[in-house]
Amino acid sequence: MATSTEHTHADLHLRHRAVLPDWLATYYTSPIELTHGEGRHVWDAEGTRYLDFFGGILTTMTAHALPEVTAAVSEQAGKLLHSSTLYLSHHAVELAERIARLSGIPDARVFFTTSGTEANDTALLLATNYRRSNQILALRNSYHGRSFTSIGITGNSAWSPTSLSPLQTLYVHGGVRTRGPYAYLSDAAFTAACVEDLEDMLGQANGTVAAFIAEPVQGVGGFTSGPDGLLAAFKRVLDRHGILWITDEVQTGWGRTGDNFWGWQAHGQAGPPDVLTFAKGIGNGLSMGGVVARAEVMNSMNANSISTFGGSPVTAAGALANLTYLIDHDLPGNARRVGGLLRSRLEAIGAGLSMVREVRGRGLMLGIELVDPGTDTPSGSAAGLVQEAAREQGVLIGKGGRAGNALRIAPPLSLTVAEAEEGAAALEMALKQVQSALEAQSVPEGGSVL
């Protein structure tokens, strides 16, 4: 039954399709509207309650309706909603000071934006200006945003609608460990092969390369990554050439991976990156992103610039409260502990299903790669069916990978052990249901599954 919103999901979907772009993706055959949440749960417009295992694309970092964030936003909204960067803001300054210290980048400067896309755009502007070059190194299978510039460094063809770009992008191996030409190698040999590929690519570059940008764990790419230490090995090559390292922490930042506060720290043997981009979780749903860079790089801009909405009084106040809660309650540690339990549970489930090729990820950033049962062929249709079945079981999950065949699991970092078990049980039922259905479809009438 519909609630006081006075529309059904079907009615709203018809209106959505009539006025919004055809290319605007929505989940589920019958899309749903989420109206409110609490903790790790959300409710839709028709009153159904779900365990949120995707957090608005890894954005609800702490919890839905976190009282501390709500109070900070409400208090500031009652005073002043907006001023812009043309005026001082004690919330923005305090938040920048904390992020600069946490970043690990020496003599850091922070610039606030309204999204991860805008943060990556800004990082590319800084790097190309600083190095006087539009050549960028990126990883295959990568995703860095939906703007014209960030699409130009996106190595995932499913999310790159145009080949036009203001940048010359050179793609190297290293984002996907278990597929591709180096999949059969040991971690050490894989790293060596990727470094050799990087060196070879640089040998073909036409002059100066500005920067190398990489997600420590590829988000839209299906939560894939190279071995720990790979990006450190890359950085040793980059440093010899004076090439900047940009780490895209939009999805991996703030302790999401559990083991480290930033994804780059799993590759930290060669020191911190030159530039770090962030967004999503810091705002817990508020439009907050930004760039951290060495002062020499950040201050290299020689033209005027402001941000109308970046670091606004309301978003900065909410982000400060959110970050304080995250650290005071050691949610990165919780992500490590509960995420480890959840991954073990998912691995045990996957071991008995031929549709599950791999369970991967770290902390509360976990992926399940699906294939046609008994094969190594990526199956986007299987992932879509499992996503639908999981919703029927009361759990919301994401989807990614170049073939759309990876389930993405990224709940708020305050997830409890009981909720992890609840979600794993629901996913087990969904996976088994879909595998049984797919196997039944492959059986000839009167035949058997071979």
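- Annotation for Pro272 and Pro106: closest pair CG-CD, 3.9 Å, computed over non-hydrogen atoms.
- A 4.5 Å side-chain heavy-atom check between Val195 and Phe234 finds at least one atom pair inside the cut-off.
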Practice item. Begin with the C-alpha distance, continue with both residues' side-chain angles, and end with the deciding distance and a verdict on side-chain contact (heavy atoms from CB on, under 4.5 Å) for Leu413 and Asn334. Key: CA-CA 7 Å; Leu413 304 189; Asn334 190 67; 5.6 Å; no
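- More than 12 heavy-atom neighbours from other residues, nucleotides or ligands sit within 6.0 angstrom of CG on Leu86.
- Rounding to the nearest 0.5 Å gives a distance of 5.5 Å between CG of Leu167 and CD1 of Ile136.
- For the residue pair Ser150/Asn120, the side-chain donor-acceptor check at 3.5 Å is not satisfied.
- Looking only at side-chain heavy atoms (C-beta outward), Leu125 and Thr149 stay at 4.5 Å or farther from each other.
- Without hydrogens or angle criteria, Thr154 side chain to Ser160 main chain gives no donor-acceptor distance under 3.5 Å.
- Under the rule for a ring-ring contact (aromatic ring centres under 6.0 Å, His included), the partners of His329 that lie at least two apart in sequence or sit in another chain are Tyr325.
- Using a 4.5 Å heavy-atom cutoff, the side chains of Thr252 and Met365 are in contact.
- Distance alone, capped at 3.5 Å, is enough to place a donor-acceptor pair between the Ser414 side chain and the Thr62 backbone.
- In this structure the side chain of Lys235 never reaches within 4.5 angstrom of the side chain of His267, judged on heavy atoms.
- In this structure Thr113 satisfies the side chain to side chain donor-acceptor pair (under 3.5 Å) test with no other residue, sequence neighbours excluded.
- A pairwise comparison of heavy atoms in Gly281 and Asn322 identifies O-ND2, 2.9 Å as the closest pair.
- With contacts defined as side-chain heavy-atom distances shorter than 4.5 Å, the pair Pro216/Thr247 qualifies.
- Atom CZ in Phe223 sits 8.5 Å away from atom CD1 in Ile409 (nearest 0.5 Å).
- Aromatic rings of Trp254 and Phe278 (six-membered ring for Trp) have centroids within the 6.0 Å cut-off, being under it.
- Looking at heavy atoms from C-beta onward, Val172 lies out of side-chain contact with Cys194 at the 4.5 angstrom threshold.
- Of all heavy-atom pairs spanning Gly39 and Pro412, the tightest one is O-CG, 4.4 Å.
- Judged by distance alone, with hydrogens and angles left aside, the side-chain atoms of Gln218 form a donor-acceptor pair with the main-chain N or O of Arg140 at under 3.5 Å.
- In the model, Asp197 has no side-chain atom that pairs as donor or acceptor with a side-chain atom of His173 under 3.5 Å.
- In this structure, the side chains of Phe112 and Leu95 come closer than 4.5 Å at one or more pairs of heavy atoms.
- Residues Leu342 and Ala424 share a closest heavy-atom pair of CD1-CB, 4.0 Å.
- More than 12 heavy-atom neighbours from other residues, nucleotides or ligands sit within 6.0 angstrom of CG on Asp200.
- By the 4.0 Å N-to-carboxylate-O rule, Arg240 lies close enough to Glu199 to be salt-bridged with it.
- A donor-acceptor contact shorter than 3.5 Å links the side chain of Arg408 to the backbone of Gly219.
- With a 6.0 Å radius and a threshold of 12 heavy atoms from other residues, nucleotides or ligands, Arg402 has its CZ atom at or below the threshold.
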Check your understanding: Given the rule in the side-chain contact (heavy atoms from CB on, under 4.5 Å) test, do Asn284 and Met61 qualify, once you have shown the distances and angles that lead to the verdict?
Key -> CA-CA 5 Å; Asn284 210 45; Met61 175 170 71; 4.0 Å; yes
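- In the displayed structure, Gln269 atom CD is contacted under 6.0 Å by more than 12 heavy atoms of other residues, nucleotides or ligands.
- Asp228 and Arg362 are joined by a salt bridge, as a carboxylate oxygen and a charged side-chain nitrogen come within less than 4.0 angstrom of each other.
- Take Ala108 and apply the side-chain contact (heavy atoms from CB on, under 4.5 Å) test, not counting sequence neighbours, and it matches Ala100, Ser103, Ile105, Val292.
- Interatomic distance, OG1 of Thr277 versus CG of Leu126, reported as 11.0 Å (0.5 Å rounding).
- Arg179 and Thr224 share no side-chain donor-acceptor pair at under 3.5 Å.
- Within the structure, ring-ring contact (aromatic ring centres under 6.0 Å, His included) contacts touching residues 50-88 (residues at least two apart or in different chains) are His82-Phe309.
- Looking only at distances, a side-chain donor or acceptor of Thr85 sits under 3.5 Å from a matching main-chain atom of Ser307.
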Point to revise | Evaluation steps, side-chain contact (heavy atoms from CB on, under 4.5 Å), between Val395 and Glu422 | key: CA-CA 9 Å; Val395 176; Glu422 175 191 346; 5.7 Å; no
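- Not a single side chain to side chain donor-acceptor pair (under 3.5 Å) links Ser225 to another residue, sequence neighbours left out.
- Glu94 has no carboxylate O lying under 4.0 Å from a charged side-chain N of Arg98, or vice versa, which leaves the two without a salt bridge.
- Judged purely by atom type and a 3.5 angstrom limit, Thr60 has no side-chain atom pairing as donor or acceptor with the backbone of Gly56.
- The distance from the CG atom of Asp274 to the CG atom of Leu244 is 4.5 Å, given to the nearest 0.5 Å.
- Checking side-chain atoms of Glu118 against main-chain N and O of Gly289 turns up no donor-acceptor pair under 3.5 Å.
- Annotation: side chain of Ile32 is not in contact with side chain of Tyr27 (no heavy-atom distance under 4.5 Å).
- Qualifying side-chain contact (heavy atoms from CB on, under 4.5 Å) partners for Glu296, counting only residues two or more places apart in sequence or in other chains: Tyr130, Arg294.
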Practice item. Show the numbers, then the answer: is there a side chain to side chain donor-acceptor pair (under 3.5 Å) between Thr178 and Arg360? Key: CA-CA 10 Å; Thr178 63; Arg360 57 183 176 239; 4.6 Å; no
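- Of all non-hydrogen atoms in Val314 and Leu80, the two that sit nearest each other are CG2-O, 4.0 Å.
- Here the side chain of Glu38 pairs no donor or acceptor atom with the backbone of Ala65 at under 3.5 angstrom.
- Using modelled atom types and a 3.5 Å distance limit, the side chains of Ser344 and Glu347 yield no donor-acceptor pair.
- Taking OG1 of Thr315 as the reference point, atom CD of Gln76 lies at 9.5 Å (rounded to 0.5 Å).
- Judged by distance alone, the side chains of Thr416 and Glu419 do bring a donor and an acceptor atom under 3.5 Å apart.
- With Asp52 contributing its side chain and Gly55 its backbone, the two residues share a donor-acceptor pair below 3.5 Å.
- Distance check, rounded to the nearest 0.5 Å: CD of Glu215 to CD of Gln251 gives 6.5 Å.
- Between the Ser74 side chain and the Ala71 main chain, no donor and acceptor come within less than 3.5 Å of each other.
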Review point. Given Asp44 and His9, is the side-chain contact (heavy atoms from CB on, under 4.5 Å) satisfied, shown in steps?
Key: CA-CA 9 Å; Asp44 70 20; His9 287 142; 3.4 Å; yes
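- For the pair Arg131 and Ile243, the tightest heavy-atom approach, listed with the atom from each and the gap, is NH2-CG1, 3.9 Å.
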